[in-house]
**Q** 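Quick one: the structure is below, questions incoming.
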Amino acid sequence: QVQLVESGGGLVQAGGSLRLSCALSGRTLRTHAMGWFRQAPGKEREFVAVIGSGGTTSYADSVKGRFTISRDNAKNTGYLQMNSLKPEDTAVYYCALSQTMATIERGDYWGKGTLVTVSS
């Protein structure tokens, strides 16, 4: 069974930071791409960031320079460091797993999400 479990969400003030974690079980992260997506109330899910098996990263323009995606293959865990948070970052954040960066939007597996709320 493949399972992705997000953690690290919470309530923070604008300008603050959070680090989200995505723990993978049932597969080896080493050979997969991992991405982060978010969905705000009443909005469509949107891409946030992705990291490939070789360490290549890509970010949405809205988070570039503020968020950093990383991975620890030994721990089978991916991370999203979020700095300079804004109220518009408020959303449920989901991690996803796929064979390649190009297919992360489709996602082979998804976590259940963790809520990030940024107050003004």
Side-chain angles (χ1 to χ4, degrees):
Q1 287 276 77
V2 176
Q3 188 174 31
L4 294 164
V5 179
E6 303 95 337
S7 62
L11 174 64
V12 298
Q13 292 187 358
S17 298
L18 285 174
R19 188 179 76 156
L20 306 184
S21 298
C22 178
L24 169 67
S25 60
R27 289 288 189 278
T28 176
L29 180 60
R30 190 177 309 277
T31 60
H32 288 78
M34 177 173 281
W36 289 91
F37 298 78
R38 65 188 183 186
Q39 188 167 25
K43 301 293 181 65
E44 295 290 316
R45 185 191 70 197
E46 67 173 339
F47 167 78
V48 175
V50 63
I51 184 167
S53 60
T56 301
T57 60
S58 183
Y59 298 89
D61 288 342
S62 60
V63 307
K64 202 168 296 182
R66 299 188 297 123
F67 291 10
T68 302
I69 189 170
S70 62
R71 60 194 291 148
D72 187 336
N73 290 335
K75 295 181 178 180
N76 234 36
T77 301
Y79 304 94
L80 184 68
Q81 178 68 46
M82 306 185 296
N83 298 326
S84 301
L85 283 162
K86 305 174 180 180
E88 51 261 46
D89 294 318
T90 295
V92 176
Y93 284 71
Y94 300 90
C95 64
L97 193 74
S98 68
Q99 292 290 332
T100 67
M101 295 181 67
T103 58
I104 197 66
E105 290 279 0
R106 183 188 69 204
D108 295 318
Y109 301 96
W110 294 84
K112 294 181 179 179
T114 186
L115 177 62
V116 172
T117 303
V118 184
S119 63
S120 58

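As the structure is a computational prediction, the values presented were derived from the model and not from experiment.
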**Q** Mind checking whether Q99 and H32 have side chains closer than 4.5 Å, heavy atoms only?
**A**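 Side-chain contact under 4.5 Å: yes.
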
**Q** Could you tell me whether the side chain of D72 and the main chain of T77 form a donor-acceptor pair under 3.5 Å?
**A**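 Between the backbone of T77 and the side chain of D72 there is no qualifying donor-acceptor contact (under 3.5 Å).
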
**Q** Are the side chains of E105 and F47 in touch, meaning some heavy atoms are under 4.5 Å apart?
**A**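 Yes. Closest side-chain heavy atoms under 4.5 Å.
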
**Q** Looking at side-chain heavy atoms only, is the closest gap between M34 and L29 below 4.5 Å?
**A**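 Yes, at least one pair of side-chain atoms sits under 4.5 Å.
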
**Q** Report yes or no: do F67 and V118 belong to one cluster of Ile/Leu/Val/Met/Phe/Trp/Tyr joined by side chain heavy-atom distances under 4.5 Å?
**A**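 Shared cluster, yes.
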
**Q** Got a donor-acceptor contact below 3.5 angstrom from the R71 side chain to the G52 backbone?
**A**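 At least one qualifying donor-acceptor pair exists.
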
**Q** Taking the side chain as every heavy atom from C-beta outward, state whether S7 and T114 have any pair of such atoms under 4.5 Å apart.
**A**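 In short, these two side chains do not touch, never coming nearer than 4.5 Å.
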
**Q** Would Y94 end up clustered with L115 when hydrophobic side chains under 4.5 Å apart are linked, directly or stepwise?
**A**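 Yes: a chain of side-chain contacts under 4.5 Å links Y94 to L115.
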
**Q** Answer with yes or no whether the hydrophobic clustering places V92 together with V63; edges join I, L, V, M, F, W, Y residues whose side-chain heavy atoms lie under 4.5 Å apart.
**A**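 In one cluster with V92: V63, no.
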
**Q** Rounded to the nearest 0.5 Å, what separates atom SG in C95 from atom CD in E6?
**A**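 The CD atom of E6 is 4.0 Å from SG of C95, to the nearest 0.5 Å.
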
**Q** Would T28 and T31 count as a side chain to side chain donor-acceptor pair (under 3.5 Å) here? Give the steps.
**A** CA-CA 6 Å; T28 176; T31 60; 5.1 Å; no

**Q** Charged N to carboxylate O under 4.0 angstrom, R27 versus D108?
**A**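 Looking at R27 and D108, the cut-off is not met.
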
**Q** For the side chain of Q39 and the backbone of A91, is there at least one donor-acceptor N/O pair under 3.5 Å apart?
**A**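 Judged by distance alone, no pair lies under 3.5 Å.
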
**Q** Do L80 and L18 touch side chain to side chain, with heavy atoms closer than 4.5 Å?
**A**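 No; the side chains remain at least 4.5 Å from each other.
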
**Q** Do you know which two heavy atoms are closest between W36 and G78, and how far apart they sit?
**A**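 The pair with the smallest heavy-atom distance is CZ2-O, 4.2 Å.
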
**Q** Do M101 and I104 touch side chain to side chain, with heavy atoms closer than 4.5 Å?
**A**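 They are not in contact (no side-chain heavy atoms under 4.5 Å apart), so the answer is no.
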
**Q** Run the numbers on V116 and M82 for side chain to side chain contact (heavy atoms under 4.5 Å, CB included), then give the verdict.
**A** CA-CA 10 Å; V116 172; M82 306 185 296; 3.8 Å; yes

**Q** Does K64 have more than 12 heavy atoms from other residues, nucleotides or ligands lying within 6.0 Å of its NZ?
**A**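 Result for NZ/K64: enclosed.
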
**Q** Is the shortest heavy-atom distance from the side chain of Y109 to the side chain of L24 under 4.5 Å?
**A**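 Counting from C-beta outward, Y109 and L24 never come under 4.5 Å.
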
**Q** Any side-chain heavy-atom pair from S62 and R38 closer than 4.5 angstrom?
**A**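 Touching, per the 4.5 Å side-chain cut-off.
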
